[in-house]
Colleague: 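So that we are looking at the same thing, I have put the structure below in structure tokens.
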Amino acid sequence: MQNPEKDDSQANAITTSDSSNSDNADHASPQDVIGQFFKDSPAEIPADFRCGFVAIVGRPNVGKSTLMNHLIGQKLSITSRKPQTTRHKIVGIDTRDNVQAVYVDTPGMHKKEVRAINKMMNRAASSALRDVNLVLFVVDSMKWVPDDELVLEKLKNADMPVIMVINKVDTIEEKRTLLPLIEQHGKRMKFSDIVPVSALRGANLEHLHEVIAKYLPFAPPMYAIDQLTDRSERFLASEIVREKIMRQLGEELPYDLAVQIESFKEEPATINEKTGKPKPACLYIDATILVERQGQKLIVIGDKGRKLKQIGMEARIDMEKMFEQKVMLTLWVKVKGGWSDDERALKSLGYSDI
């Protein structure tokens with residue numbers, strides 16, 4: 001690892017790798033007939049097949065990303081206890097039996113639009129309501145706050161079904177209060193359905209799947225059955241790094257922080273000419289962590305680089321599980337002042353409001 005006290009003109013780096021193999025995730029297979037849709041000689045699509053876009057909206061920190069991850073059975077959106085973890089619209093694709101639901105996880109809508117990044121996140125969340133077939137409005141079972149009201153006002157004129165999902169019901173101690181809570185929320189607007197769940201515990205998600213399917217239009221699948229997202233591997237890698245930063249730093253976390261993938265190269269498996277031993281395929285990823293001030297840089301690096309090393313180790317483990325191969329990850333930390341309040345800089349970093 002390079003010296004953490006180097007000048008800002010050069011970034012601090014740490015490289016992590018491991019030769020151990022990651023476990024392959026098991027995925028449930030939909031009916032065989034669906035798989036034939038995407039073969040050279042596709043089978044006839046059943047007349048009762050349903051497919052559509054489902055926007056997941058709500059204020060920050062109500063569990064939208066956790067809900068999507070559990071609905072599709074795969075971690076795509078990063079999660080943490082810190083509000084506004086999700087900054088981009090993330091698409092997750094869930095194909096089962098005669099249904100394909102294309103979920104759009106959105107940044108939390110909030111009233112406080114201080115900088116360009118906050119405004120862009122709000123616009124991204126609002127734009128997700130365009131051209132979707134169904135909306136899941138996620139709320140926290142324990143509290144209703146002004147930001148919930150902000151989202152509700154945007155949904156009152158929606159021309160598509162809206163399902164309220166009351167999340168975190170596992171935190172309700174008195175279960176007899178759940179029915180009055182549902183009745184109370186039902187008075188806020190005419191929801192197509194109200195479904196209580198615990199996304200984290202997986203409680204009542206099968207019922208939610210059934211309710212969602214009911215409101216999707218009859219249509220052929222838009223994506224291959226084994227496709228989980230429309231996002232690139234580079235994007236997913238940057239989100240993994242950002243999640244590990246958020247989890248490692250906690251309250252110390254600088255909000256003005258972004259991750260940019262500089263290099264994403266795969267080396268195929270080879271045979272060592274001298275030893276004759278096989279060398280496994282390896283994915284080499286270089287990522288830059290951008291902060292706005294020198295003090296933030298020191299926080300991310302940590303004492304003697306320990307924080308940065310731990311971030312890299314945890315990110316690499318998740319990347320090896322996701323990409324199912326060995327990963328060599330190099331992290332750099334750079335100071336780039338003012339990026340979070342500069343719309344041109346935000347767009348160059350992959351942020352978008354559409």
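One is the number of the first residue; the rest follow in order along the sequence. These numbers come from a predicted model, not from an experiment.
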Colleague: Same cluster or not: are F218 and V211 linked, directly or through other Ile, Leu, Val, Met, Phe, Trp or Tyr residues, by side-chain heavy atoms under 4.5 angstrom apart?
Modeller: no
Colleague: Would you check if I93 and L228 make a side-chain contact, meaning some heavy-atom pair closer than 4.5 Å?
Modeller: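 Answer no - side chains too far apart.
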Colleague: Pair E320, Q325 - check side-chain hydrogen bond (donor to acceptor under 3.5 Å, both in side chains), show working.
Modeller: CA-CA 5 Å; E320 289 186 339; Q325 64 175 304; over 6 Å; no
Colleague: Is atom CG of D303 surrounded by more than 12 heavy atoms (other residues, nucleotides or ligands) closer than 6.0 Å?
Modeller: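 Correct, the count exceeds 12.
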Colleague: Compile the donor-acceptor pairs under 3.5 Å between side chains in residues 201-208 and protein atoms, sequence neighbours left out, one pair per line.
Modeller:
| residue | atom | partner | partner atom | Å |
| --- | --- | --- | --- | --- |
| N204 | ND2 | P196 | O | 2.8 |

Colleague: Treat each ILVMFWY residue as a node, draw an edge where side-chain heavy atoms are under 4.5 Å apart, and state whether V62 and V145 are in one component.
Modeller: no
Colleague: Indicate every side-chain donor-acceptor pair of residues 176-185 with a distance under 3.5 Å to a residue at least two apart or in another chain.
Modeller:
| residue | atom | partner | partner atom | Å |
| --- | --- | --- | --- | --- |
| R176 | NH1 | E174 | OE1 | 3.0 |
| T177 | OG1 | E174 | O | 2.6 |
| H185 | ND1 | R188 | NE | 3.0 |

Colleague: Is there a side chain to side chain contact (heavy atoms under 4.5 Å, CB included) between I240 and M322 once you walk through the steps?
Modeller: CA-CA 10 Å; I240 288 173; M322 176 168 283; 4.1 Å; yes
Colleague: Looking at OG1 of T229 and CE of M68, how far apart are the two atoms once the value is rounded to the nearest 0.5 Å?
Modeller: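 Interatomic distance, T229 OG1 to M68 CE, rounded to 0.5 Å: 6.5 Å.
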Colleague: To the nearest 0.5 Å, what is the distance between CD1 (I299) and CD (Q294)?
Modeller: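 Interatomic distance, I299 CD1 to Q294 CD, rounded to 0.5 Å: 10.5 Å.
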Colleague: Counting only heavy atoms from other residues, nucleotides and ligands, does the tally under 6.0 Å from NZ of K156 exceed 12?
Modeller: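 Check passes, neighbour count above 12.
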Colleague: For the NZ atom of K336 and the OG1 atom of T288, what is their distance to the nearest 0.5 Å?
Modeller: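 Rounded to the nearest 0.5 Å, the NZ-OG1 separation comes to 10.5 Å.
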Colleague: Should the pair W144 and F137 be assigned to parallel (<30°), tilted (30 to 60°) or perpendicular (>60°) ring geometry?
Modeller: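 Taking F137 first and then W144, their aromatic rings stand perpendicular (interplane angle over 60°).
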Colleague: Would you call R96 and D94 a salt bridge, taking side-chain N to carboxylate O under 4.0 Å as the test?
Modeller: yes
Colleague: Using a strict cut-off of less than 4.0 Å between a Lys/Arg side-chain nitrogen and an Asp/Glu carboxylate oxygen, indicate whether D105 and K64 qualify as a salt bridge.
Modeller: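 The answer is no: the pair does not qualify as a salt bridge.
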Colleague: Check whether more than 12 heavy atoms from other residues, nucleotides or ligands sit under 6.0 Å from atom NZ of K175, and answer yes or no.
Modeller: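 Check passes, neighbour count above 12.
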Colleague: Check this for me, if you would: do E210 and K214 make a salt bridge, where the nitrogen-to-carboxylate-oxygen distance has to be below 4.0 angstrom?
Modeller: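 So E210 does not pair with K214 through a salt bridge.
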Colleague: Any Lys/Arg nitrogen of K244 or D318 sitting under 4.0 Å from an Asp/Glu carboxylate oxygen of the other?
Modeller: yes
Colleague: Carefully, step by step, assess F235 and F264 under the rule ring-ring contact (aromatic ring centres under 6.0 Å, His included).
Modeller: CA-CA 10 Å; F235 173 81; F264 194 97; over 10 Å; no
Colleague: As an exercise, state the distance from OH of Y215 to CZ of R50, rounded to the nearest 0.5 Å.
Modeller: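 Rounded to the nearest 0.5 Å, the OH-CZ separation comes out at 10.5 Å.
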Colleague: Give a yes or no on whether L67 and L200 share a hydrophobic cluster (residues Ile, Leu, Val, Met, Phe, Trp, Tyr; joining criterion: side-chain heavy atoms under 4.5 Å apart).
Modeller: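 No: no chain of side-chain contacts under 4.5 Å links L67 to L200.
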